[in-house]
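All chains are named by letter (A, B, ...) in the order of the sequence lines, taking the proteins before the strands, and each is independently numbered beginning at 1. This structure is a prediction, so every number in the text was calculated from the model and none was measured.
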Number of protein chains: 2
Amino acid sequence: MGHTVGEVARLTGVTVRALHHYDEIGLLAPGGRTAAGYRRYAAADLDRLQHILAYRALGFPLDQITALLDDPAADMLSHLRRQHQLLSERQDHTRRMLTAVERMMEAHQMGSALTQEERFEVWGEFNPEDHVEEAEQRWGDSDAYRQSQARAKRYSKEDWLTIKREGEATTRALAAAMAAGTPATSPAVMDLAEEHRQHISRWFYDCTHEIHRGLGQMYVDDPRFTATYEGIAPGLAVYLRDAIEANADRDE
Amino acid sequence: MGHTVGEVARLTGVTVRALHHYDEIGLLAPGGRTAAGYRRYAAADLDRLQHILAYRALGFPLDQITALLDDPAADMLSHLRRQHQLLSERQDHTRRMLTAVERMMEAHQMGSALTQEERFEVWGEFNPEDHVEEAEQRWGDSDAYRQSQARAKRYSKEDWLTIKREGEATTRALAAAMAAGTPATSPAVMDLAEEHRQHISRWFYDCTHEIHRGLGQMYVDDPRFTATYEGIAPGLAVYLRDAIEANADRDE
DNA sequence: CCTTGACCCTCACGTTACGGGAGGCCCTAT
DNA sequence: ATAGGGCCTCCCGTAACGTGAGGGTCAAGG
């Protein structure tokens, strides 16, 4: 009964040396030792290790993890909740970094540069401490987010068809405008791009112009999307992207 | 002209000490010095710093960042593309961690426990080195990717329609299988998933099972895709994802 | 002209989270 | 009984800075 260091290492992907280290600093002391002095890890130790790995993956220093896990007021569930919270924030942060990169790519292609603040604001840190302090406050937001996710799950087949029909109407209008030779930067076409954006905001999530730009670029870069638009009319993907850009620029 | 260390520090959120350190190890040497020996950072230095921060945020060790940025074969755009790629992967990973936490919470509420593998597989690392090693491989791919992009641009309207029709045939077959109550993990449905994968590989890019899994998850998570599949049949997005997973598992 | 406070410089040692041996016991299998 | 893993405890090394110590620099104000 109980696992050796090597077994735990293989099971969890942590090195033996790391487990020794955790033992040394009192973060994870194995339940017992054999007569020969071999470490024996019990089930409870694995539970603890799991939470250690989660917090570690989130960037917490080991001494803080020790403090968190040794807090008698916190149980399994509260740790899981906190981890969930922090992971969600990390998602957000990564997404912001992604859109920042996308904007850089656009700026690069258009030969323009961004302002210094724009260029650096996102790279300013994953401070886990900040998160810990802000965590309580943000529970509200995250609740709202989950609700919106839950709502999406409850859309009926009719809802989905409505959503799709609405989207297709806009797309057809766009294709018509393009066929008529209307430039993508004309007000009427920008309005169609705006309609497209509103459509997403209404049904799914708050689609800022920022996000919208990202989508537009993706329609051009990602063949799975491109196929959808190019199948309707050649050049439509690029046309839509340009319209989205123009519309976002108009809004500033 | 040019900024002092303090200014750069405030602008970017990096500490002065860190900038000194980057100078010491040759990662970021300021463009010049004043007569008094003060560091002066020029615009080009800020460009470089931006990429440094991006790679650092992704967990790269500084010496590797040095190597990456000093590679004369890599320009702005290639760095941005790589960063985008890595950030996307990080998104995937975070999402997997999130669902793992969610599963833990469910298991906790139902009083059941998960198997060891289930509990630990996701926490097994963000190894940036893996990425670095894969990078070369993928760059080969990425060359292929760019080629495929270029090729995609030359598809005619008929090509696009063919592509779309092919894709829709698979989708319809899937919907039929689901309607018939065939489990997503049955061989026949896995074959359809495989067909789906081949379709992407044939027309766009080499779609590994790994990438395919990513797509499958996206069909469920990203409302823009979900709308497409749910509009055809409710539950189809999840069904497709499960089939993809099963097919990838089968392949090992 | 001189001081004062904010900013800059260069050592240089401290810290975190391990990696990587060295030297040596333990245990199972042939 | 001997060979092969696996385990143990030191112990030194490394990466990416933090944190002073000791000392010039510069613009504003008395």
Distance check needed: [N] [atom2] versus [X] [atom1], whole Å only.
X	N	atom1	atom2	value
A/L62	C/dT16	CG	C1'	8 Å
B/D23	C/dC11	CG	P	12 Å
A/H20	C/dG21	NE2	P	16 Å
B/R39	C/dC7	CZ	P	17 Å
A/I52	C/dA17	CD1	P	12 Å
B/E24	C/dC9	CD	C1'	12 Å

Any side-chain donor near an acceptor of the partner, A/D63 and A/T66, under 3.5 Å: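 Per modelled atom types, A/D63 and A/T66 side chains form no pair under 3.5 Å.
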
Hey, does [X] reach any base, or is it just sugar-phosphate, or nothing, if we go heavy atoms under 4.0 Å?
X	result
A/T4	sugar-phosphate
B/R40	nothing
A/V16	nothing

What are the 5'-most and 3'-most nucleotides of DNA chain D lying under 4.0 Å from any heavy atom of chain A?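 Boundary nucleotides touching chain A, in 5' to 3' order, are D/dG6 to D/dC11.
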
For the pair A/H79 and A/Y55, name the ring-plane relationship: parallel under 30°, tilted 30 to 60°, perpendicular over 60°. perpendicular

Where do B/L11 and A/F120 come nearest, in terms of heavy atoms and distance?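 Result for this residue pair: O-CB, 3.8 Å.
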
Closest approach of A/A9 and A/T15, non-hydrogen atoms and distance?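 Residues A/A9 and A/T15, closest heavy atoms: CB-C, 4.4 Å.
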
Whichever of A/Y38 and B/T15 has its nearest DNA chain D nucleotide further upstream toward 5':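 So the residue in question is A/Y38.
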
Rounded at 0.5 Å granularity, tell me how far CD1 in B/I65 sits from CG in B/D70.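 Answer rounded to 0.5 Å: 11.5 Å.
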
Is a salt bridge present between B/D191 and B/R250, judged by a nitrogen-to-oxygen distance below 4.0 Å?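 So B/D191 pairs with B/R250 through a salt bridge.
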
Kindly say if A/Y22 contacts the phosphate of C/dC18, meaning a side-chain N or O under 4.0 Å from OP1 or OP2.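 Indeed, a polar side-chain atom of A/Y22 lies that close.
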
Does a side-chain N or O from B/R17 land closer than 4.0 Å to OP1 or OP2 of C/dC11, or not? no

Report the residue (A/I25 or B/R10) whose heavy-atom-nearest nucleotide on DNA chain C is the more 5′ of the two. B/R10

I'd like to check the side chain to side chain donor-acceptor pair (under 3.5 Å) partners of B/Y22; sequence neighbours left out, ordered by chain and number.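 If we apply the side chain to side chain donor-acceptor pair (under 3.5 Å) test to B/Y22, skipping adjacent residues, the hits are B/R56.
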
